[in-house]
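For reference, the structure discussed in these notes is given below.
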Amino acid sequence: MENLSGNSEIAERFGDLHPPLTAQAAIAEANRCLNCFDAPCMGACPTHIDVPRFIGKIARENLRGSALTILDANVLGASCSRACPVEVLCEGACVLHRYNKKPIEIARLQRFAMDAFHRAGGRLPLKSAEMRAEKIACIGAGPASLACAAELRQRGFAVTVFERRALPGGLNTYGVAEYKLPARASLEEIELIQALGVEFRYGVEIRTQADLDELEREFDRIFLGVGLGAARRLGIPGDEHRDVIDALEFIARYKTAHPPQVAQSVAVIGAGNTAIDAANAARRLGAENVAILYRRSERHMSAFAFEYEHAKQEGVQFQWRVIPVRIHVDASGIKSLECAQARVNEAGVLEAVEGTAFHFDCQQILYAIGQSPLLELLSSVRGIELSNGRVAVDRATGLTSNPKYFAGGDCVNGGREVVDAVADGKRAGVAVAQAFEVVHA
Ligand SMILES: Cc1cc2nc3c(=O)[nH]c(=O)nc-3n(C[C@H](O)[C@H](O)[C@H](O)COP(=O)(O)OP(=O)(O)OC[C@H]3O[C@@H](n4cnc5c(N)ncnc54)[C@H](O)[C@@H]3O)c2cc1C
């Protein structure tokens, strides 16, 4: 875990994209807020943080109060302040846009309050003094499970989180770009949840029916916060080469272990946010030439427009309507990626256009072409319905078709944002608690 213990090279190359506000700047920015009565910013936040309220408290220099307002709605308020695509959420909804003014810097204000809370050794408050007998298991230690676990623990339930990796946080720790959310900051935030008394068991992968039977015997309810599975391989000749790497693993490695060796020229396949983050990381780790190759056109890419612009500024190139066909390798390693131009045929299927083959010279290939949900695990759970490979739930509660199981986050929504996973986890936590409260009433 060299990086977490302070790898100066990574810190230098992945400095803050949005540096923290000074106290003076934060108070001045907080005082710009119009404190709108209908607060569209609050409605645009999936966790409905009371934005005017927390900003008002910063203006009055009540930083602890401000942080508690944030945490009441979103227990991962610190990581969301760094990772959220606020341009399309709270800041995008700020009424100042209507007056052609710069929106309030809600994310940086949120980070200001949360940083102060962490520095002062703040603790999460309990929501009930009563200790309850019911035991809840959360599978996965990503944002969805963390929010569910915190909510239930704050209400007095005994909660155990099972995580296959060595560290908690899911993609907050292992996936989100380091210049937005350093792994260290993700882990610091989780210490608050650990301090509540949530038990974490690391290196435990729940993957067989026997594992689930055991959990079902020990726990009253089980929350599935398993995220998405591994990326699909390219499935073309040469893709078994060691320098053809899952983009997510590449990111996880630089964030939590030794920085991976990058080649001079790197091809990244896919055009979602994972591909963009991996391409930016390859550039920052020293690759001279990084190109994202995508089989469809610019307007089909799933990455946000601002992420696309950012990648171009990082020096990433883009090639559209390109299908990888074969990887050429010799004894020294990868030589090139053979591609062809792509077109949609009459049946609506993408196909390579004959006679358009070209070689993209590269020594490393990162692939990020969608991820497949952990079907093995979920299909082994009796009676849990899936829809398009995702867990089908009641959106208001996160309840699955099996009354013992709740679910939320990427494994339900197919891959959205940290804040959506937190909202799901909290909603499920509240629903589980209410179900038992009704039973005991
Ligand atoms: C590269 C990348 C960059 C991103 N950047 C951003 C960003 O900048 N901003 C943003 O808001 N969102 C971003 N996202 C999306 C965001 O990270 C996810 O939406 C969010 O983390 C989903 O949370 P989750 O808890 O559902 O799943 P995850 O974060 O994936 O957590 C799932 C956890 O479950 C564990 N697990 C899985 N199966 C098992 C099992 N069988 N047994 C035990 N443990 C298991 C996994 O190891 C993992 O720790 C990014 C995603 C990626 C891939």
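Treat the numbers as computed from the prediction; the structure is a model and nothing was measured. When a ligand or atom number is given, it counts from 1 through the structure's own listing order.
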Worked verdict on Glu314 versus Arg284 for salt bridge (Lys or Arg N to Asp or Glu O under 4.0 Å): CA-CA 8 Å; Glu314 296 271 347; Arg284 291 193 180 213; 2.5 Å; yes
Salt bridge (Lys or Arg N to Asp or Glu O under 4.0 Å) between Glu249 and Arg165, worked out: CA-CA 12 Å; Glu249 279 312 310; Arg165 294 229 193 218; 3.2 Å; yes
Glu151 vs Lys127, salt bridge (Lys or Arg N to Asp or Glu O under 4.0 Å): CA-CA, chis, key distance, verdict: CA-CA 8 Å; Glu151 185 66 32; Lys127 296 182 179 175; 2.9 Å; yes
Salt bridge (Lys or Arg N to Asp or Glu O under 4.0 Å) assessment of Arg395 paired with Asp424: CA-CA 8 Å; Arg395 288 303 295 161; Asp424 280 3; 3.4 Å; yes
Pair Cys45-Val51, side chain to side chain contact (heavy atoms under 4.5 Å, CB included): steps then yes or no: CA-CA 9 Å; Cys45 170; Val51 176; 5.5 Å; no
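The ligand atoms of ligand 1 that sit less than 4.0 angstrom from a heavy atom of Val418 are 10 (C), 11 (O), 12 (N), 16 (C), 17 (O), 19 (O). Of all atoms in ligand 1, numbered sequentially from 1 with element shown, those under 4.0 Å from a heavy atom of Leu248 are 1 (C), 53 (C). Near Gly409, meaning under 4.0 Å from any of its heavy atoms, are these atoms of ligand 1: 26 (O). Ligand-side atoms of ligand 1 in range of Gly225: 32 (C), 33 (C), 34 (O), range being under 4.0 angstrom from any heavy atom. Shown in contact with Val226 at under 4.0 Å from a heavy atom are these atoms of ligand 1, numbered in order with element: 32 (C), 34 (O), 37 (C), 38 (N), 39 (C). In summary, the atoms of ligand 1 found under 4.0 Å from a heavy atom of Ala421, numbered by their order in the structure, are 22 (C), 23 (O). Of all atoms in ligand 1, numbered sequentially from 1 with element shown, those under 4.0 Å from a heavy atom of Arg165 are 47 (O). When each atom of ligand 1 is checked for a heavy atom of Gly170 under 4.0 Å away, the hits are 29 (O), 31 (O), 48 (C), 49 (O).
Note: an N/O pair closer than 3.5 Å links Ala83 and ligand 1 by distance alone. In terms of N/O distances under 3.5 Å, ligand 1 is not approached by Val176. No N or O atom of Ile251 sits closer than 3.5 Å to an N or O atom of ligand 1. Polar contact check, Arg207 against ligand 1: no nitrogen or oxygen pair lies under 3.5 Å apart. For ligand 1, one of its N or O atoms has an N or O atom of Lys180 under 3.5 Å away. Checking only distances, Pro143 does come within under 3.5 Å of ligand 1, N or O to N or O. The distance criterion of under 3.5 Å between nitrogen or oxygen atoms is not met by Asn172 with respect to ligand 1. By the 3.5 Å distance cut-off applied to N or O atoms, Glu307 is not counted among the residues near ligand 1. At a 3.5 angstrom cut-off on N or O pairs, Glu417 counts as close to ligand 1.
Between the Arg32 side chain and the Pro103 main chain, a donor and an acceptor come within less than 3.5 Å of each other.
For Val204, the heavy-atom gap to ligand 1 drops under 4.0 angstrom. Note on ligand 1: Arg416 sits in its first shell, one or more heavy atoms being nearer than 4.0 Å. Using a 4.0 angstrom heavy-atom cutoff, Asn273 does not count as in contact with ligand 1.
Around CD of Glu298, the count of heavy atoms belonging to other residues, nucleotides or ligands within 6.0 Å exceeds 12.
With respect to the salt-bridge test (charged N to carboxylate O, under 4.0 angstrom), the residues Lys135 and Glu218 qualify. Classification of Glu189 and Arg82 as a salt-bridged pair fails, no side-chain N sitting under 4.0 Å from a carboxylate O.
Looking at Asp410, Val86, Leu146 and measuring to atom 26 (O) of ligand 1, the nearest heavy atom belongs to Asp410. In this structure, of Leu171, Asp277, Leu181, the residue bringing a heavy atom nearest to atom 4 (C) of ligand 1 is Asp277.
Within the 4.5 Å cutoff, side-chain heavy atoms of Ile236 are placed close to those of Leu337. The shortest distance between side-chain heavy atoms of Arg111 and Pro20 falls below 4.5 Å. Residues Phe223 and Val432 form no side-chain contact, since every pair of their non-hydrogen atoms from C-beta on lies 4.5 Å or further apart.
Note that CD of Gln319 is 11.0 Å distant from CD1 of Ile292, once rounded to the nearest 0.5 Å. Rounding to the nearest 0.5 Å places OH of Tyr405 at 11.5 Å from CZ of Arg221.
Using modelled atom types, one finds no donor on one side chain facing an acceptor on the other under 3.5 Å when comparing Tyr367 with Asp239.
Counting heavy atoms closer than 4.0 Å to ligand 1, residue Thr274 contributes atoms from both its backbone and its side chain. Residue-level proximity to ligand 1 for Tyr174 is absent, since no heavy atom of it falls below 4.0 angstrom. Contacts of Asp424 with ligand 1, taken as heavy-atom pairs under 4.0 Å, are absent altogether.
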